*Asks:* 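Below you'll find the structure I mean.
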Amino acid sequence: MKNMRKMLFIVTTALLLTTVAAGCSKSTNETKPSTPKNSNATADKGKETTDDKSSDVWQLGSSELEFTAYAHYGWMDFPKKMEDVPFWKYLKENKKVNIKTRAAQGNEAQLMTTMMADDDLPDMIYGNRFDPDILRLYAAGKLVPLDDYMEKYPNLKKWLNANTSNMLRFPDGKLYQFPNWYTSRPNGSAGYVVNKKIYKELGSPTLETMDQLYDYLVKVKEKYGEEVIPYEPDRAVDGQGVGLIYTGFKENAYYRSLNGNTLAVVDDTNNKLASLFTDPAFHESQKFVSKLYREKLISQDMFTITDRGPVQEKLMSGRVAVFGSSDPMPYASAAHLTLSKEDPDAGYFMIWPFHKAGLDKNKIYTGGYDQLGWNVNVITTAAKEPEKIFALLDYITGPEGMVVQYFGPEGGNWQGLDENEQPIFTDKYNADQVSEIQAANNPIMIAGNTAYIDPAKMKFELLKPEEERNWLARYQESVTWKTHIDQTALANNLTPEPGTDLADASTNIIDIFTQALSASSTAKSDEEVDKILVQAEKDAQALGYNELLEWRTQRWLANKKALGQ
Amino acid sequence: MLFKRLGYSDRIMIVVIYVFLILLSFTALYPFWNTLVVSLNEGLDTAKGGVTFWPRIFTFSNYATVFDDDQILNAFMITILRTIIGTISAIFMTALLAYGMSKSYLMGRKFFTIFFIVTMYFGGGLIPTFLLIKSLGLMNNFLVFIIPGLISVWNMIIFRTFFKSLPVGLEESAQIDGCSNWGVFLKIILPLSGPVIATLGLFTAIAHWNDWFAPTIYITNQDLMPVQTVLRRLLNANLFNQASGSGNVNSLTLETLGQKSLTAKSIISATIMVVSLPIIAVYPFVQKYFVKGVMVGSLKE
Amino acid sequence: MSEVTAKEHYSSIPPERRLVNEKSFFQRLWKQMDIQLMVWPGVVLIFIFAYIPMYGVLTGFMDYDIFTGANIFENPWVGFKHFESFFNAPQFWTIMRNTIVISLLKLLIGFPAPIILALMLNEVRHRGFKRVIQSITYLPYFMSWVIVGSIVMSLLSTENGSINILLKGIGAIDESINFLSIRDYFWAILVSTNVWKDIGFNSIIFMAAIAGVNPSLYEASEIDGASRFKQMYLITIPTIMPIIIIFMILAMGSLLSAGFEDILILAQNPSLRPVSDVIDTYVYRAGLQNQRYDYGVAVGLFRAVVSVTLLTIANFLARRTGNSLW
């Protein structure tokens, strides 16, 4: 034992010496700009920007633009050569844009950590707006503010609502994030999809209220037994079809209320955010779901599947009677295409959301949309010419950039813009080619402008008779755009800062919520649903749910103010 | 067969063993077989489900998609090179170390043992390791695949255990013949350690082949990317398509994405086959070193 | 150094006495220089690649700002703050219990299983059959957990899952069982899937060890009329015992690593968390939200301390058998 202690002592000493050596040599040799918070770099860039103001606006294509770009995602990378994507090839050939890419290859969190630790950042980062790394880059003073550029260049200023841009600002009041797919109009596709063939075989009953949904599912079960899944709620761990049902039990309910980073319901009378667990509508909807579960009217596997593969298989083989999902379109439309090809009477159609009898069906919102979009581009202090990068993004988000991405270069499918800046389609318009162009450009659309492009696409679709219209576009027009509510205020800035007590509370309360959602959805009786939710409320309160809700209320009120709501 | 010569209880045991092994093999083969079948089935058809033992609509198009990447051949070369060089050098260095460590009279042996074992549990973490690799000039350097992995403590312990079990007489007779310790190691120990070298060599080669992590951090030059990393990109994109359908994309492009998600499963399967088949195929060749009596044979000589 | 002296020396003195007879430290060191030279390259490599970065463990006691990189001393010390926040997590005891139970189960069942497989394969005298079985049983090791998970799920599904169909067919149950949502079944499903996945691969090392058995021992015992079973536990098992014990010690050291990806995939249902949540899945979830590097380091450090303690105990116990790590 004595020997071992000696050994351990030596090891420890060696370790400590190394530590000291490594620590010291680094700090003496490298005079890295210390105290990175609010570093000089930002200030310098700021000055540069003010200087630039006097100079002319840089025209994209007037000189070379070269920079490094990186997509901070686990599931996508920018391609090795950007010019493999048609739109970026176009930019390279016509606008002298030359981009070097860095790829995370599925390891984005670690790669970002090393890039930060090494201060070796790419010039531009494309990432999720809610990713704490973006906030971390800002806090370390590694991002370039965009406000001055925004004033100089036309498109972002024009298309991004001023209130919305306020929401994107960081605590210092500056704009650092160039948004992607921002919008001022409803989008999203949450809702219920019904199997056409089964619906007809059951005599096409009225499907409007929750009770009618229940009766219909019972009939499906009676007629088809185990062959067909009456109600398929998709991956219920994420809410999905279970969350949709909640929105049908209360007027103006938000699907977003079930999101871990919100986890609150709007209490209009007191103008505050209240606990989800005590919401009577949530109790009621979970009782409904658990009844479906007990009577085997809902997929029994809804909480156990890892991916949507099995859901896809069921839809593709026409074994689902009603499909409820916050994102049913990709699978339902593909399944519809496949099934209707074989049998014109088969396929799926979307219906107006179900509601509890007595509620106003026009006040039921199955989903929400966020004016800020999903992703953002940030320009880091590593960029030598941040303004030029901004100019590129601004071009992409403008009419020309958008139309080229969607319909190819001018002179092909389109020629010139009309008085609303919408493209004028030519006789040469080729629908197949257009969808190819979109498919090829789709992975790398870094500055999409929904507010502009949705009408542009719809403009062409609406020229066609209804049956020939794109399956998706038809239901967007008739259903989903009318059943999605603006949830911007409820979806932003409600995540507590990493490392704080509130953040810990939030993490633990999300755990309680996900467990309660699953347990109550599969409860054995209505009483058990109440019991589970009451217990969840109690546990959450013990962890500081109330403080979290109070904090979120403040943030939410500030959001509403900024948005002018 | 010699079955008849066995006693009653031994016969039962043999039958049980054969039945068990066949059952186990069937369950072990099925996922692999199914992946192979799906990879050879038309993607859209796969999405309907029910593809199990045989492809319904046979196609090579999923493989065409996987190989439709100008990087992939170069990436294969990198992977093969790093696997061969990395395995040979690591096995030699680790075995050499283990031989030294197997000598009970090695001064500081206990210290060394603890010195090595500590590193199996305590690590510096991502950032210090990354900064070290960078300061050593190993960023974007092929050697980053080789040098940091030269010594595996786990392998060293196994080697040491094997070396200790070798007959002492062997070494002594060699030393009488005038061999130094190095000579003994190179001429006697290594040739005698066929099974353990084959096993640990296989483990090391698999680890080299499957490593996708290090390249994502230490390599930015795409020409140095091994095949695992390159195909992981394809895999991730497709897994994402399959897992979440659309996630964060514009509503109007959903349809294209829906189509993509449908073919994802077949492409994922083809990718898995391309990545894992070459290394899986190594094992049968290694098995010939597991024949009993290799060591005893050389003892007699 | 002189080879002659070394040779004379080593061949004339029994190994266990060699240290005793030497004079000074340096003289002794010089005498075994050739052996020392075998060890030092490894020592240097491990020192560089494992010990130099080890200053990183200190960040577990700091509020570490990633942007400071290697200049970790610019960060404020916070003592055991991150450890406390981990220990005080409401799920801490559940997590610890699950971690220990799951890894113990994996050890108790997953550890002997490949040894038994290797022993079974050793009884197969038909060489071609043996090779085919060997090659097939190691295939699952190469399948990712995502694939294995989807296969397990479709097997256990309530909708056309083979297991439920089978159980209904033989009349064991009337209604499909939703296996992956019932807490009582989770550990069994997790451990058996793990064993199945790794058994072939892990048996390779024992196959290699069995190859070291002297065949003449079998021949002799056969003449004595020993049964196959007797040969197994009288000859084969004792021969591979040292490697089994070493593996056992190493396994004890990883008692706080209950797995990660397998649990993440098989325990999709949040209702399973009370039995499925382990250190790694918890840290992953906490980290997903907050991405706390220092917190991760602290948890890793806690685990390492426990591991080394357990390893030391296991090693101490194993010393009685004559096989130990140090």
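Chain naming here is simple, since letters A, B, ... match the order of the sequence lines and numbering starts at 1 in each. Given the structure is predicted, the values throughout are model-derived calculations rather than measurements.
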*Asks:* What part of C:Tyr64 gets within 4.5 angstrom of chain B, counting heavy atoms only: side chain, backbone, both, or neither?
*Replies:*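 Interface part for C:Tyr64: side chain.
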*Asks:* With rounding to the nearest 0.5 angstrom, report the OH to CG distance, B:Tyr121 to C:Leu301.
*Replies:*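 Going from the OH atom of B:Tyr121 to the CG atom of C:Leu301 covers 15.0 Å.
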*Asks:* With side chains defined as the heavy atoms from C-beta onward, is the minimum distance between B:Tyr289 and C:Met207 less than 4.5 Å?
*Replies:*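 Counting from C-beta outward, B:Tyr289 and C:Met207 never come under 4.5 Å.
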*Asks:* Is the side chain of B:Asp10 donor-acceptor paired with the backbone N or O of C:Ser227 at a distance under 3.5 Å, no angle test?
*Replies:*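 Here the side-chain-to-backbone pair does not exist.
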*Asks:* Report the option among B:Ala198, B:Pro31, B:Gly125 that has the most heavy-atom pairs separated by less than 4.5 Å from atoms of chain C.
*Replies:*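 Ranked by heavy-atom pairs under 4.5 Å with chain C, first place is B:Pro31.
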*Asks:* Heavy-atom distance under 4.5 Å to chain C: side chain of B:Val153, backbone, both or neither?
*Replies:*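 It is the side chain, since no backbone atom gets that close.
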*Asks:* Just give me the residue among B:Tyr99, B:Phe26, B:Trp154, B:Phe162 that pairs up with chain C most often, heavy atom to heavy atom, under 4.5 Å.
*Replies:*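 Highest number of pairs under 4.5 Å: B:Phe162.
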*Asks:* For each of C:Gly200, C:Ala209, C:Ser150, tally heavy-atom pairs with chain B at distances under 4.5 Å, and name the one with the top tally.
*Replies:*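 Most heavy-atom pairs within the cutoff with chain B belong to C:Ala209.
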*Asks:* For C:Ile48, is it the side chain, the backbone, both, or neither that has a heavy atom closer than 4.5 Å to a heavy atom of chain B?
*Replies:*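 Both backbone and side chain.
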*Asks:* Under 4.5 Å, counting heavy-atom pairs only, tell me which of C:Ser307, C:Gly253, C:Pro242 racks up the most with chain B.
*Replies:*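 Max contact count across the listed options: C:Gly253.
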*Asks:* Answer with side chain, backbone, both or neither: which region of C:Val132 has an atom nearer than 4.5 Å to a non-hydrogen atom of chain B?
*Replies:*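 C:Val132 has no heavy atom closer than 4.5 Å to chain B.
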*Asks:* Return the option, out of B:Leu132, B:Val286, B:Ile127, B:Thr161, with the maximum number of heavy-atom pairs under 4.5 Å with chain C.
*Replies:*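 If we count pairs closer than 4.5 Å to chain C, B:Ile127 comes out on top.
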*Asks:* Name the region of C:Met241, side chain, backbone, both or neither, that has any atom closer than 4.5 Å to a heavy atom of chain B.
*Replies:*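 Answer is neither: C:Met241 stays 4.5 Å or more from chain B.
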*Asks:* The test is ring pair (Phe, Tyr, Trp, His ring centres under 6.0 Å); show your working for B:Phe115 and C:Trp326 and say whether it passes.
*Replies:* CA-CA 11 Å; B:Phe115 174 86; C:Trp326 66 84; over 10 Å; no
*Asks:* Checking heavy atoms, do the side chain of C:Tyr138, its backbone, both or neither come under 4.5 Å from chain B?
*Replies:*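 Contact with chain B involves the side chain of C:Tyr138 alone.
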*Asks:* Heavy-atom cut-off 4.5 Å, strictly under: side chain, backbone, both or neither for C:Leu311 against chain B?
*Replies:*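 Looking at C:Leu311, just its side chain touches chain B.
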*Asks:* Which distance, rounded to the nearest 0.5 Å, do you find between the CE of C:Met54 and the OG1 of B:Thr119?
*Replies:*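 Separation between the atoms: 6.0 Å.
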*Asks:* Go through the atoms of C:Ile205 and report whether side chain, backbone, both or neither lie under 4.5 Å from a heavy atom of chain B.
*Replies:*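 Both parts, backbone and side chain.
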*Asks:* Considering only heavy atoms, which portion of B:Met156 lies under 4.5 Å from any heavy atom of chain C: side chain, backbone, both, or neither?
*Replies:*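 Neither part, no heavy atoms under 4.5 Å.
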*Asks:* Sort B:Ile272 into side chain, backbone, both or neither according to what part of it lies under 4.5 angstrom from a heavy atom of chain C.
*Replies:*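 Only the side chain of B:Ile272 comes within 4.5 Å of chain C.
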*Asks:* Give the member of C:Gln36, C:Lys230, C:Glu123, C:Arg303 that has the highest number of heavy-atom pairs under 4.5 Å with chain B.
*Replies:*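 Highest number of pairs under 4.5 Å: C:Gln36.
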*Asks:* Is B:Ile279 close to chain C through its backbone or its side chain, or both, or neither, when contacts mean heavy atoms under 4.5 Å?
*Replies:*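 Both backbone and side chain.
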*Asks:* With distance as the sole test, does B:Arg160 use its side chain to make a donor-acceptor pair with the main-chain N or O of C:Leu325 at under 3.5 Å?
*Replies:*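 A pair under 3.5 Å: yes.
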*Asks:* C:Thr239, C:Ile151, C:Leu250: which one forms the most heavy-atom pairs within less than 4.5 Å of chain B?
*Replies:*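 Of C:Thr239, C:Ile151, C:Leu250, C:Leu250 has the most heavy-atom pairs under 4.5 Å with chain B.
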*Asks:* Which answer fits C:Met143, side chain, backbone, both or neither, if we ask what part of it has an atom under 4.5 Å from a heavy atom of chain B?
*Replies:*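 It is the side chain, since no backbone atom gets that close.
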*Asks:* With only heavy atoms counted, which part of C:Val43 is less than 4.5 Å from chain B, the side chain, the backbone, both or neither?
*Replies:*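 For C:Val43, the contact with chain B is made by backbone and side chain together.
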*Asks:* Examine whether an atom of C:Ile204 lies under 4.5 Å from a heavy atom of chain B, and if so say whether it belongs to the side chain, the backbone or both; otherwise answer neither.
*Replies:*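 For C:Ile204, heavy atoms of backbone and side chain both lie under 4.5 Å from chain B.
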*Asks:* Looking only at the aromatic ring of each residue, does the gap between the centers of B:Phe32 and C:Phe142 stay below 6.0 angstrom?
*Replies:*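 Here the rings of B:Phe32 and C:Phe142 have centres that are no less than 6.0 Å from each other.
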*Asks:* Return the option, out of B:Thr27, B:Ile22, B:Thr129, with the maximum number of heavy-atom pairs under 4.5 Å with chain C.
*Replies:*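 Greatest number of close heavy-atom pairs with chain C: B:Thr27.
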*Asks:* Are the side chain of C:Tyr293 and the backbone N or O of B:Leu126 linked by a donor-acceptor pair below 3.5 Å?
*Replies:*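 Yes: the side chain of C:Tyr293 pairs with the backbone of B:Leu126.
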*Asks:* Closer than 3.5 angstrom, by distance alone: can the side chain of C:Gln134 be matched with the main-chain N or O of B:Gln287 as a donor-acceptor pair?
*Replies:*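 Pair absent, no side-chain N/O of C:Gln134 close to backbone of B:Gln287.
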*Asks:* Of all of B:Leu136, B:Leu200, B:Ile206, which one pairs up most often with chain C through heavy atoms under 4.5 Å apart?
*Replies:*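 Heavy-atom pair counts peak at B:Ile206.
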*Asks:* Would you mind telling me which of B:Asn210, B:Ile158, B:Leu150 has the largest number of heavy-atom pairs within less than 4.5 Å of chain C?
*Replies:*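 Top count of heavy-atom pairs under 4.5 Å with chain C: B:Ile158.
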*Asks:* Between C:Ile245, C:Leu29, C:Val297, which has the largest tally of heavy atom pairs under 4.5 Å with chain B?
*Replies:*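 Heavy-atom pairs under 4.5 Å are most numerous for C:Leu29.
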